[in-house]
Every structure is written in C-alpha cells, then in structure tokens.
Amino acid sequence: MEHTSALERVLRGAALSAVVLFFMFPIFWIVLMSFQTNETILRSPPSMVFEPTLSNYVALITGRLETQAGSLDIDFMRNLMNSVILSVSSVALALVLGVPAAYAFARHKFRGSEDIAFTLLSFRFAPPLLVLLPLTLYFQQIGLADTYVGLVWVYQLICLPLILWIVRGYFEDISPDVEHAYRIAGHGWGATFMKIALPLAGPGIAAAGLLAFIFAWNNFIFALVLASADKQPVTVGALAFVTASGIQYGQIAAAVVLSIAPTLALALYAQRYLVEGLSLGAVKG
Amino acid sequence: MSDTALDLQAVNKIYNPRSRQAVHAVRDLDLKVDAGEIVALLGSSGCGKTSTLRMIAGFEAVTSGAIVLAGRPIHTLAPARRRVAMAFEGYSLYPPLTVRENIAFALKSERIDQTEATARVDEIARLLDITSILDRYPSSISGGQQQRAGLGRALIRKADLHLLDEPMGQLEPQLRAHLRGRIKHFIKERGLTAILVTHDQTEANALADRIAVMEDGELQQFDTPDVLRQRPANLFTGTFIGEPPMNVFDADAAEEDARFVFRLGDGVRLAYDPGAFRPDLRETILARGRVTLGVRPHSVRIADDGAEATVDASQWLGDQTHIAARFAGTSIVSVRHDRMRLERGDTIGVRVAPEDLHLFDTATGAAISHGGAPA
C-alpha cells in the first residue's frame with residue numbers, strides 16, 4: 001500500500017467510486033421513489049427535486065391504499081410478517097439439520113459421504129421450476145400446499161446446501177487435534193462438538209446462517225407457486241401493487257425499502273463474517 | 001522386571017477394509033511396556049507408529065487384537081475413559097484460551113484447588129521454558145511455543161499413560177537437546193509411563209529406555225538403544241539405526257588356505273583367522289554360502305594393508321571426518337575422529353575387524369551373527 005503512486009491512488013479511488021455508484025444507485029433511487037407520489041415519479045424528465053411524502057409508508061402500514069379508482073386493502077404488513085416467519089424458521093431448521101451434518105461430513109469420511117454431500121449441493125443446480133411443478137401436486141395431495149410447514153420444508157432446498165457447504169469448510173479448518181486433545185482430557189464426543197467444534201466454527205455458522213437468511217428472504221418463485229395470499233412473503237406480496245388502476249410505483253418502492261431494510265441491516269452489521277464465510281467456504285468446499 | 005503398564009496383544013489396523021485400497025497399517029503388533037518406562041516408537045513415515053499411538057489413544061479403532069492398560073482392556077473405551085494423556089504433533093491448543101488456561105484445562109477433571117493448579121502450571125511452564133508466554137493466546141505465539149504448551153498440557157496430567165506424538169518436531173535443535181534431558185528427568189521423577197513417537201533416532205536414544213523399531217506396519221525389534229545398535233535383529237534395524245547408516249555388502253563365504261574369506265564384489269576379499277568365528281557359526285555361514293555383510297562406518301578402519309578403495313569424497317565436519325570411497329563395486333563410508341586430508345581419487349586401504357562384522361541372511365534380512373557370535 002505504501003508503494004502506490006499518487007496517480008494509482010486517484011485511479012483506485014475513481015474505480016471504487018464507480019463501483020459503489022453503480023451498485024448503490026438503484027437503492028438510492030428506490031429510496032427517493034418511496035417518498036414520492038406516482039405523479040412525481042412518472043414525470044419526464046425525472047428530477048430529484050420533489051416534495052417528500054410519507055403517504056406510501058402510511059398506506060403500507062395502515063393497510064389501506066387510496067387511489068383515484070377507490071380504496072384497496074393491502075396485506076403488506078402481513079406479508080412482511082410471513083417473510084420473517086418463513087426465513088427465520090427455515091434458517092433455524094437448516095442450522096439444526098445442517099450444522100451436525102456438516103460436522104459429520106468434515107470429520108468422518110464414510111463410504112458415499114462425498115456423494116451425499118454433492119447430491120445436497122446439486123439441489124442448487126436445478127432450476128426451481130423443475131421441482132416446483134411436481135412438488136405442487138404432491139403438496140396438494142398430502143395437504144402441505146399453502147402451509148408454513150410446507151414452505152419451510154421447500155425452503156430447505158435453498159438454506160440447507162448453503163449452510164452445509166460453508167460450515168463444512170469451517171469445520172475442516174479446525175485441526176482435529178484440538179478436538180482430540182479435548183476428548184482425551186476426559187470429555188465425550190457430544191461435549192467436544194458442543195464445547196470445541198461449535199464455538200470455533202461460530203463465525204462460519206453465523207455467516208452461513210446470514211447468507212441463508214438473505215437467500216430465503218429474497219426467494220420469490222417457491223412462495224409464488226406454493227403460497228396463497230395469507231402466507232405470501234413480501235417478494236410476492238409486492239405484486240399486489242400492480243393494480244387494475246395502474247402500477248403503484250410509490251408503494252412498490254416503499255415496500256421494497258421496507259423489505260430490504262432487515263437484510264441490508266444484517267448484511268452491513270455482519271459483513272466481515274459474510275465475506276470471510278463466503279471466501280472460506282468457497283475455497284475449501 | 002516391574003509390572004506391565006501397557007500390553008498390546010496382536011493388534012492389527014487395516015484402513016478401508018473390504019475395499020480395493022485397503023491399507024494394512026499395523027500388523028500383529030505385540031508390545032509390552034513396563035510401568036515407569038519410556039518407550040519410543042521409531043520408524044519412517046507410514047511405518048504404522050502414529051496409527052499405533054492413535055489406537056492406544058482411542059482415535060482409531062483397533063481392527064483386531066487387544067490393548068490392555070493397567071490391567072483394563074481399553075481398546076473399546078471412549079478416549080475420555082482410557083486415562084491416557086497425549087501431546088500432539090500439530091496445533092492442538094484451544095484458540096480462545098490463553099496458554100495458562102490451556103494447560104490448566106487438563107487439570108479440571110482432577111478437581112484440585114486453584115492454588116495447587118496454578119503451582120503445577122507454573123512448574124511445568126518453567127520446565128518447558130514457556131513462563132513468559134503463559135498469558136498469551138495460541139494465535140500470537142510461535143509453532144514451537146505452541147508445541148511446548150501442548151506438551152505441558154499432556155505432562156501436567158496424572159494419567160496411566162502419556163502419549164507423546166513427535167512432541168519436539170517443531171523446536172529448534174538447541175532447545176530440543178536442552179529440553180530432552182529435562183523432560184526425561186520429569187517423567188522419571190514422577191514415575192510416569194510414556195510412549196514417544198518419533199522418526200528422529202537421536203531423540204529416541206536420548207529419551208527412551210527401550211525403542212520399538214517399526215517398518216511397514218511390523219515391529220522389527222524392541223530393545224534398549226545399546227542392543228539395537230550392537231545386535232540389530234535384522235538388516236532393516238541395522239541400517240535404520242546409526243548415523244551415518246551401516247555399510248552393506250553382499251558376499252560369498254568360503255574357506256581358503258585355512259583362512260575364513262568373504263568374497264565381495266569387484267574381486268575384493270576380506271580374509272579372517274577362522275578362530276575369530278565360533279565353529280558352529282562358521283558351519284552355518286559356509287552352508288549358506290551367500291550372506292549380507294554389515295559394517296558400521298565407525299568400525300571401518302583405514303590402514304595401508306587393507307583392501308583397496310578409491311576416495312570419492314572426504315569431509316571434515318568439525319569433530320569427525322566422513323570418508324566416502326568406492327569399494328567392492330559399491331561404496332563404503334568410514335568415520336574417523338581425527339582430521340584426515342584425502343583427495344578424490346586417492347587410494348586407501350580398508351580393514352574391518354571380525355568383531356565389527358554383522359552378518360544377515362541375504363533373502364530374509366534376519367541377523368545371523370554379530371561379531372564372531374551367532375545372533
């Protein structure tokens with residue numbers, strides 16, 4: 001770093017600014033949109049000068065949308081709640097199932113262990129629609145369609161492989177002798193897992209959990225097909241603003257801002273873990 | 001002989017049994033370690049010594065056979081219940097704990113009070129020269145310091161058996177030599193029983209009462225360092241123990257003109273007075289005809305009337321001269337404790353006294369005789 005010339009520093013700064021601008025501008029713009037009415041959003045040419053309004057947020061939170069064509073009930077807060085329920089329980093279940101499995105894959109090489117691990121990863125290769133259509137039929141027959149349980153189950157396709165592969169890399173990074181030393185000092189297998197392996201892989205588990213949460217939160221297609229209105233998360237719920245009387249850009253923007261707020265906050269709060277977890281898991285996996 | 005502490009009975013270890021890549025890592029190993037004894041498992045990588053240690057510790061299952069420690073069969077118990085302590089070759093400290101906490105951790109199961117625990121940690125830290133790093137975290141100390149901390153964590157425990165896996169592999173040579181003596185004294189003073197795994201014969205010689213030499217999963221010889229050196233049971237032990245390694249020649253034995261003669265390659269003859277070999281031994285050797293001769297470099301004398309050899313290299317190491325020469329169609333190494341000025345291509349005479357000859361069966365490698373007496 002000390003050896004860079006002034007020109008290099010300027011160029012580096014310019015390049016970084018360009019990247020930040022490119023990725024942050026849509027977020028910036030959507031935040032601006034969320035404080036405008038449809039008229040100011042749609043005027044041409046667009047301008048950054050407008051009179052901010054909270055009406056979009058008010059509409060979302062009170063659940064009543066007033067348009068020229070009349071008033072419309074929207075379930076945005078319920079959708080937000082659904083997103084929280086689905087994402088949190090999916091990640092929780094995936095952690096409960098995936099972390100011990102990751103440990104097993106990392107520590108015990110048994111016949112076919114690689115094949116099983118790869119099969120789990122391969123769930124991420126197939127286009128979701130491929131499994132969705134048959135799954136919908138099955139789910140309707142066994143009564144899991146349009147239930148939280150059914151959705152959380154399907155969400156494991158997203159969360160479980162992610163957690164398994166990232167956390168496995170973390171477990172493999174821990175020297176087995178650390179665990180051996182603990183076991184030989186008079187502790188059982190279970191205690192070693194709980195007291196040594198889990199805390200040491202903590203950052204990796206947190207990163208994998210966060211990442212799985214973000215993926216689950218952003219999922220659209222599973223919920224679109226498998227959930228009816230009262231179980232829909234925000235990603236699907238935002239479609240409700242495409243109404244017969246026109247697209248409510250202001251409300252959509254406000255809905256998007258509200259729905260990305262939790263994941264954005266999480267990502268910012270834990271970005272160090274995330275980057276670490278991703279690079280480690282990716283390289284090791 | 002004192003009581004047997006550890007008894008390995010026909011222990012086998014096969015990795016991946018029933019698969020095409022089955023590896024027979026340890027073969028029918030029988031080994032008895034007496035209480036209060038330090039035994040070294042010595043061998044090159046892949047000889048099965050570490051597998052053996054890990055089976056005793058309980059990290060590897062025994063494929064067949066039994067392990068008895070202090071009268072209890074332990075090979076089916078969990079590591080926690082075997083009452084053994086172990087020092088690991090690699091990094092094995094708990095990262096979130098300081099060195100002091102790491103070492104003291106081993107004492108938790110003993111339920112002793114804080115003052116005594118602190119005193120014992122301080123004592124072991126002085127022994128291993130790690131007092132100054134006791135309050136640091138494993139990530140901030142060197143590999144050698146981590147290894148010593150790990151060794152301390154094993155030695156501080158009161159266990160039926162202490163397993164030391166290459167415990168000084170990462171230490172600097174001076175420190176290693178210095179600590180060996182202290183550790184041996186510590187183990188002996190407390191009457192601990194220890195098994196040391198190493199590939200370094202200097203370390204094995206310095207620390208161990210008896211050395212088990214292993215190769216290819218099989219125990220080659222189990223005896224004191226002196227016996228291993230003077231009466232190797234087979235060609236492997238003979239060439240493995242000793243630095244520089246033993247010189248080895250194939251030879252045909254014959255009696256010529258009342259002399260006992262070994263004909264080596266290139267027409268080289270080593271002739272001896274038959275009286276130097278016991279009569280029954282002479283018969284055995286003559287009956288075999290072909291044998292393998294072993295001579296330690298320290299026993300190769302340079303004398304003008306000896307068999308002819310041509311110097312390849314001569315090196316003064318500061319305290320001894322190593323002379324490598326072409327001899328009997330192969331090469332021979334001689335070690336002298338004085339400085340000898342020889343140039344490449346010089347001709348020297350080589351003599352080997354009959355009492356320095358080790359004879360081995362050419363086919364099996366089993367020892368036939370050491371000096372003039374049968375093995």
Side-chain angles (χ1 to χ4, degrees), chain A residues 99-100 102-118 166-207 270 272-273 276-277 279-281 284, chain B residues 15-19 21 50 53-54 56-61 74 77-97 102-111 138-139 143 146-147 149-154 156-167:
Chain A
V99 170
Y103 184 71
F105 283 128
R107 281 285 177 267
H108 304 283
K109 300 285 175 234
F110 48 91
R111 188 184 290 254
S113 63
E114 282 305 314
D115 301 329
I116 297 173
F118 189 78
I166 294 179
V167 174
R168 180 190 179 181
Y170 264 84
F171 280 135
E172 280 172 350
D173 258 16
I174 305 170
S175 160
D177 284 346
V178 176
E179 291 171 29
H180 288 155
Y182 191 75
R183 286 174 66 187
I184 212 159
H187 303 272
W189 180 91
T192 310
F193 175 69
M194 298 300 290
K195 294 263 178 59
I196 300 293
L198 274 189
L200 288 182
I205 296 171
R272 192 171 61 85
Y273 292 131
E276 223 175 73
S279 50
L280 249 177
K284 293 286 295 181
Chain B
Y15 291 100
N16 305 323
R18 294 189 302 278
S19 89
Q21 297 104 37
T50 298
L53 201 72
R54 296 170 68 87
I56 300 171
F59 303 135
E60 297 285 356
I74 58 163
L77 298 180
R81 300 180 51 218
R82 295 190 178 198
R83 294 211 296 260
V84 298
M86 183 163 175
F88 294 87
E89 179 184 7
Y91 306 123
S92 64
L93 300 176
Y94 315 128
L97 302 185
N102 260 289
I103 298 175
F105 198 90
L107 292 172
K108 281 203 176 144
S109 54
E110 288 184 26
R111 300 183 198 293
S139 55
Q146 290 193 36
Q147 197 169 35
L151 185 57
R153 187 175 58 182
I156 201 169
R157 279 187 56 198
K158 291 193 167 80
D160 289 343
L161 181 66
H162 286 74
L163 304 170
L164 313 174
D165 187 3
E166 306 267 7

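Convention: sequence-line order gives letters A, B, ...; per-chain numbering from 1. No hydrogens, no waters, no symmetry mates; every other heavy atom, side chains included, goes into these values. Because the structure is a prediction, the values reported are computed rather than measured.
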(request) List the steps, then state whether side chain to side chain contact (heavy atoms under 4.5 Å, CB included) holds for A:Asp177 with A:Tyr182. (result) CA-CA 8 Å; A:Asp177 284 346; A:Tyr182 191 75; over 6 Å; no

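- With a threshold of 4.5 angstrom between heavy atoms, B:Arg81 does not approach chain A through any atom at all.
- Residues of residues 189-196 of chain A that come closer than 4.5 Å to chain B, counting heavy atoms only, are A:Ile196, ordered by residue number.
- Minimum interatomic distance between A:Ala102 and A:Phe171 (heavy atoms only, all atoms of both residues): C-CD1, 3.9 Å.
- B:Ala57 touches chain A through backbone and side chain together, each having a heavy atom under 4.5 Å away.
- Side chains of B:Glu166 and B:Thr50 form no contact here, defined as non-hydrogen atoms less than 4.5 Å apart.
- Under the 4.5 Å side-chain criterion, counting only non-hydrogen atoms from C-beta, B:Arg153 is in contact with B:Leu93.
- The closest side-chain heavy-atom distance from B:Pro79 to B:Val84 is not below 4.5 Å.
- Taken to the nearest 0.5 Å, the NE2 atom of A:His180 stands 5.0 Å off from the CZ atom of B:Arg54.
- Ranked by non-hydrogen atom pairs under 4.5 Å with chain B, the options A:Ala181, A:Pro199, A:Gly188, A:Gly186 are led by A:Ala181.
- Looking at B:Leu77 and B:Arg83, their side chains never come closer than 4.5 Å, going by heavy atoms from C-beta outward.
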